[in-house]
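Contents: one structure, followed by commentary.
Below, all heavy atoms of this structure are taken into account, side chains as well, without hydrogens, waters or symmetry copies.
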Amino acid sequence: MATPPASQASLLLQKQLRDLCKHPVDGFSAGLVVEENIFEWNVTIIGPPDTLYEGGFFNAVMSFPEDYPNNPPTVRFTSEMWHPNVYPDGKVCISILHPPGDDPNGYELATERWNPVHTVESIVLSIISMLSCPNDESPANVEAAKEWRDNRDEFKKKVGRNVRKSQEML
């Protein structure tokens with residue numbers, strides 16, 4: 001029986017994976033969850049220097065839709081993450097991961113949302129930027145956002161525990 005032809009999405013993802021293997025990017029590493037599935041990636045993000053997350057190694061799974069790059073992947077931290085823009089279940093909430101087009105809630109411009117020119121690299125770099133500069137104006141984790149605004153010392157303690165825990169998991 002013949003192998004089905006590779007989809008545009010799988011060819012693009014294979015190319016992006018090859019490029020990241022040939023030219024690693026500072027701040028993260030990426031690979032497949034299982035070799036046979038190009039649509040599920042493991043990503044390890046190194047906590048950015050000069051942030052509360054510095055020294056941490058945070059694991060996440062990127063799940064790509066069959067129609068990638070027309071629609072964005074989802075990104076979910078599997079490591080514990082205390083951050084205003086990460087839901088309690090680990091799902092990352094940043095504009096570029098929201099479906100293309102107008103925001104039904106009117107918070108984001110269409111230009112801030114998903115665009116097919118984004119790559120795995122640009123997505124992960126945006127997540128690293130998110131770790132450096134939390135947006136507490138439209139939080140995914142209301143408790144973390146409230147703590148970020150009102151009780152920074154407690155917020156720092158929780159993030160510090162997450163960083164230590166991530167280091168122990170190595």
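In terms of heavy-atom proximity, Thr51 sits nearest to Pro48 at OG1-O, 2.7 Å. The two residues Ile94 and Ser126 have their closest heavy-atom pair at CD1-CB, 3.9 Å. In terms of heavy atoms, Ser138 sits closest to Asn85 at O-ND2, 4.1 Å. Between Ile96 and Ser122 the shortest heavy-atom distance is CD1-O, 4.2 Å. A pairwise comparison of heavy atoms in Pro72 and Pro65 identifies O-CD, 3.4 Å as the closest pair. Taking all atoms of both residues into account, the shortest heavy-atom contact from Asn141 to Ala144 is OD1-N, 2.9 Å.
Side-chain contact between Val61 and Asn42: present, with at least one pair of heavy atoms (C-beta onward) separated by less than 4.5 Å. The shortest side-chain heavy-atom distance between Phe77 and Ile127 falls under the 4.5 Å cut-off. By the 4.5 Å heavy-atom criterion applied to side chains, Pro134 and His83 are counted as neighbours. The side-chain heavy atoms of Asn115 and Pro100, taken from C-beta on, include no pair separated by under 4.5 Å.
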| For Leu131 and Met81, what are the C-alpha separation, side-chain angles and deciding distance, and is it a side chain to side chain contact (heavy atoms under 4.5 Å, CB included)? | CA-CA 10 Å; Leu131 293 177; Met81 177 60 66; 3.9 Å; yes
| field | side chain to side chain contact (heavy atoms under 4.5 Å, CB included) assessment of Ser7 paired with Phe39 | value | CA-CA 11 Å; Ser7 69; Phe39 292 95; 4.0 Å; yes
Margin query: Using the rule given for side chain to side chain contact (heavy atoms under 4.5 Å, CB included), can you reason through Asn135 versus Met130, listing the C-alpha separation, both sets of side-chain angles and the distance that settles it, and then say yes or no?
Written below: CA-CA 8 Å; Asn135 174 4; Met130 173 202 81; over 6 Å; no
Inset, instruction - Tell me, with the steps shown, if Val124 and Met62 meet side chain to side chain contact (heavy atoms under 4.5 Å, CB included). - result: CA-CA 10 Å; Val124 177; Met62 290 181 99; 4.3 Å; yes
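The ring-ring contact (aromatic ring centres under 6.0 Å, His included) search around His98 returns none, not counting sequence neighbours. Phe64 pairs by the ring-ring contact (aromatic ring centres under 6.0 Å, His included) definition with Trp41, Tyr68, not counting sequence neighbours.
Screening residues 87-98 for salt bridge (charged side-chain N to carboxylate O under 4.0 Å, His left out) gives Arg76-Asp89 as the qualifying pairs, with residues at least two apart or on separate chains. Pairs engaging residues 94-114 under the salt bridge (charged side-chain N to carboxylate O under 4.0 Å, His left out) rule: Asp103-Arg113, Glu108-Arg113 [sequence neighbours left out]. Screening residues 50-61 for salt bridge (charged side-chain N to carboxylate O under 4.0 Å, His left out) gives no qualifying pairs among residues at least two apart or on separate chains.
Interatomic distance, Asn151 CG to Lys146 NZ, rounded to the nearest 0.5 Å: 9.0 Å.
Aromatic ring pairs are classed by plane angle as parallel below 30°, tilted from 30° to 60° and perpendicular above 60°; the pair Tyr53 and Phe58 is perpendicular. Using cut-offs of 30° and 60° for the angle between ring planes, the Trp82 and Phe155 rings count as tilted.
Panel note: side chain Ser79, backbone Asn59; a donor-acceptor pair is recorded below 3.5 Å. Judged by distance alone, with hydrogens and angles left aside, the side-chain atoms of Gln167 form a donor-acceptor pair with the main-chain N or O of Gly55 at under 3.5 Å. Trp114 places no side-chain N or O within 3.5 Å of a backbone atom of Pro73 that could act as its donor or acceptor partner.
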Residues 17-33, side-chain donor-acceptor partners within the protein, below 3.5 Å, at least two apart:
{"unit_1": "Asp19", "atom_1": "OD2", "unit_2": "Lys15", "atom_2": "NZ", "d": "2.7"}

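Applying side chain to side chain donor-acceptor pair (under 3.5 Å) to Glu147 and the options Arg152, Lys157, Lys158 leaves one that passes, Lys158.
Note: the hydrophobic cluster containing Val92 also contains Leu125 (ILVMFWY, side chain heavy atoms under 4.5 Å, direct or indirect links). Placement of Val75 and Leu12 within a single hydrophobic cluster is found when ILVMFWY residues are connected by side-chain heavy-atom separations under 4.5 Å, directly or transitively.
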